[in-house]
Amino acid sequence: MCGIVCAVGAMESSSFLLAGLKTLEYRGYDSAGLAVLDASGALRRSRAKGRVAELEARVAEENVSGQVGIAHTRWATHGVPEERNAHPHVSGELAVVHNGIIENYAELKAQLEALGYVFVSDTDTETIAHLVQACLSGASAFVGEQKVPCADLFVAVRCAVSHLEGAYALAVVREGEPESLVVAREGSPLMLGVGAQGHYAASDASALLSVTNRMIYLENGDVGRLTRDAVELVDARGDRVEREVVTSHLSADSVELGQYRHYMQKEIFEQPQALGNTLEMLSGAGRLQPGIFGARAEAVFAEVDSVLILACGTSSYAGNTARYWVEQLAGLPCNVEIASEYRYRASVANPRQLVVVISQSGETADTLAALHHAKSLGHRHTLAICNVPESAIVRETALCFITRAGPEIGVASTKAFTTQLAALFLLTLLLAKGHGRLMGQGAGDGADNACEQDLLDELRHLPVAVEKVLALEPEIEAWAQRFSDKHHALFLGRGRHYPIAQEGALKLKEISYIHAEAYPAGELKHGPLALVDGQMPVVVIAPNDELLEKLKANMQEVSARGGELFVFADGDSRVETSDGVNVLKMPEHYGLLSPVLHVVAQQLLAYHVALVKGTDVDKPRNLAKSVTVE
Ligand code: G6P
């Protein structure tokens with residue numbers, strides 16, 4: 001979703017800003033723009049609908065350059081993706097870029113129009129530009145009792161944000177203040193970069209790594225003035241504050257494409273490494289320690305009587321999978337709710353419940369709001385499973401586990417999902433242990449009283465097992481050709497593989513634009529069977545588990561109606577290829593952790609179908625990587 005990059009430094013900024021915007025392309029966007037203060041201190045702006053490459057051409061054509069600048073990729077919310085709605089928005093001599101949604105923009109707009117401000121876009125952001133301008137010029141409706149113009153841009157932005165409701169990360173430059181820019185943050189992510197030759201700001205660290213790895217993470221309510229040599233910050237109360245400078249361990253290489261054709265492909269193939277990194281604490285004969293979730297985890301895990309998982313998108317399917325593990329191994333009731341629904345539902349809080357929020361980015365607005373809602377209802381035990389250590393969600397939960405997937409750039413989540421599953425399995429084992437449900441070595445029967453060491457060994461083996469699934473790529477690629485003329489697909493799974501069918505369908509629809517639906521296979525005859533014909537491929541996830549025979553009966557129901565089956569079966573499933581039944585044998589049967597292997601095959605299928613369809617795999621239309629607005 002919208003991305004911001006800003007610079008105030010010694011070097012010419014527009015090429016840095018454009019490179020930063022390219023790094024943020026993965027967040028999803030449909031137009032881009034930048035504004036700089038040129039050598040004479042004049043404001044110069046370029047904007048373009050479409051890709052950053054189009055903006056780059058425009059910037060070159062218009063010869064826009066300067067040492068202070070703000071830049072933006074816009075993912076349309078208010079107003080269609082047209083140049084007139086692209087950021088920066090200007091009011092008089094100032095320009096603003098913004099990520100987030102201003103909820104009271106309609107009221108503010110009416111007030112500003114009454115003062116004579118003319119709006120030329122459909123965005124909520126233009127309201128901010130005029131509001132800052134109104135504060136600078138002392139509009140009494142906004143400057144309060146003092147009724148005098150705000151002295152400078154820093155003061156004016158502080159005044160303006162006091163009138164905003166909603167979420168924002170924003171940056172402002174102004175003619176006449178050619179050596180500084182002002183930033184503010186509430187809800188949406190924004191961080192500062194401290195470089196040798198200047199100061200920078202961006203929505204995520206990857207855009208700044210070419211100039212610095214020293215970051216300052218702004219808190220909600222912070223407003224800052226950046227100059228080449230200094231950062232001046234005030235907090236939500238207007239008090240001067242210093243924020244810690246943190247060294248980011250991201251490397252510029254980790255966000256490079258390397259030998260791969262797409263980030264999604266790279267990230268699918270990085271999964272053995274990502275899982276190995278996430279499970280590093282299990283290397284050697286190490287036993288499982290609750291401390292990996294935080295200092296108080298042991299006491300909390302023993303006290304909780306149930307689990308509530310809150311998440312969106314792919315992360316919610318990780319939660320759905322974990323529900324099967326938690327109830328089976330830990331014996332605790334476990335519910336999973338879509339964060340955007342939970343936050344608006346009247347629900348009954350249980351202070352002994354463990355609230356688990358799962359998020360790759362740690363910035364998803366609905367997940368963050370659901371966490372706030374849970375806390376406001378009196379939930380005391382909160383835990384984040386997240387891939388970004390400095391994110392809002394991590395900062396706002398009592399316990400956390402950081403997955404070590406590394407930066408995920410492809411919009412369709414892959415390695416974040418499998419590392420979330422690994423983390424959730426660890427959590428399950430610790431909950432089981434805390435409730436006396438794990439047995440010593442050799443005593444496990446895989447059901448109620450599983451053996452800790454056996455399960456840890458299976459976890460340790462996961463990277464190797466995933467490698468073997470990746471080796472199936474050529475066969476999956478051949479299957480993908482068969483989807484080239486299809487418009488719909490059905491995904492079937494049962495038990496803990498039903499969420500994998502959901503994730504497989506999500507992957508396919510996100511990147512190939514084929515309409516895909518997932519069903520628990522037992523529900524087939526209650527509706528979706530009506531859709532089955534030769535034009536509707538039916539993808540089946542068929543592990544050799546306790547439900548396999550039932551699943552085979554469901555497959556018969558499809559075959560009997562002329563449907564074509566694409567079955568991912570475990571090697572020992574005794575499902576064979578026949579007329580209308582295509583079978584791909586997975587390398588090994590993997591018990592409780594089998595969803596982690598099966599989902600990798602689903603990712604490869606979606607990726608290769610998207611290649612056949614010729615879609616923009618890493619930046620699917622209309623979607624964003626990090627959804628920082630509601
Ligand atoms: C967006 C992304 C998905 C992701 C979801 C939740 O929709 O495109 O890939 O699963 O947000 O994101 P989170 O960062 O909270 O896991």
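One-based numbering, in listed order, for ligands and for the atoms of each. Along the sequence shown, the residues carry numbers beginning at 1.
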Q: Determine whether the side chains of N320 and Q502 contain a donor N or O and an acceptor N or O closer than 3.5 Å.
A: yes
Q. Between the side chains of T403 and N387, does any donor sit under 3.5 Å from an acceptor?
A. yes
Q.
Between E510 and K507, does any NZ, NE, NH1 or NH2 come within less than 4.0 Å of an OD or OE carboxylate oxygen?
A. yes
**Q.** Side-chain ion pair, R51 and D616, N-O less than 4.0 Å
**A.** yes
Q | Parallel, tilted or perpendicular: rings of F566 and F483 (30°, 60°) | A | tilted
Q.
Ring centres under 6.0 Å, that's the criterion: do H373 and Y342 meet it?
A. yes
Report all N/O contacts between ligand 1 and the protein shorter than 3.5 Å as a table of atom names and distances to 0.1 Å; if there are none, say 'none'.
unit_1: ligand 1; atom_1: 8 (O); unit_2: A624; atom_2: O; d: 2.9
unit_1: ligand 1; atom_1: 9 (O); unit_2: V411; atom_2: O; d: 3.1
unit_1: ligand 1; atom_1: 10 (O); unit_2: T314; atom_2: N; d: 3.0
unit_1: ligand 1; atom_1: 12 (O); unit_2: T364; atom_2: OG1; d: 3.3
unit_1: ligand 1; atom_1: 14 (O); unit_2: S359; atom_2: OG; d: 3.3
unit_1: ligand 1; atom_1: 14 (O); unit_2: Q360; atom_2: N; d: 3.4
unit_1: ligand 1; atom_1: 14 (O); unit_2: S361; atom_2: N; d: 2.8
unit_1: ligand 1; atom_1: 14 (O); unit_2: S361; atom_2: OG; d: 2.6
unit_1: ligand 1; atom_1: 14 (O); unit_2: T364; atom_2: OG1; d: 3.3
unit_1: ligand 1; atom_1: 15 (O); unit_2: S359; atom_2: OG; d: 2.6
unit_1: ligand 1; atom_1: 15 (O); unit_2: T364; atom_2: OG1; d: 2.5
unit_1: ligand 1; atom_1: 16 (O); unit_2: S315; atom_2: OG; d: 2.6
unit_1: ligand 1; atom_1: 16 (O); unit_2: Q360; atom_2: N; d: 2.7

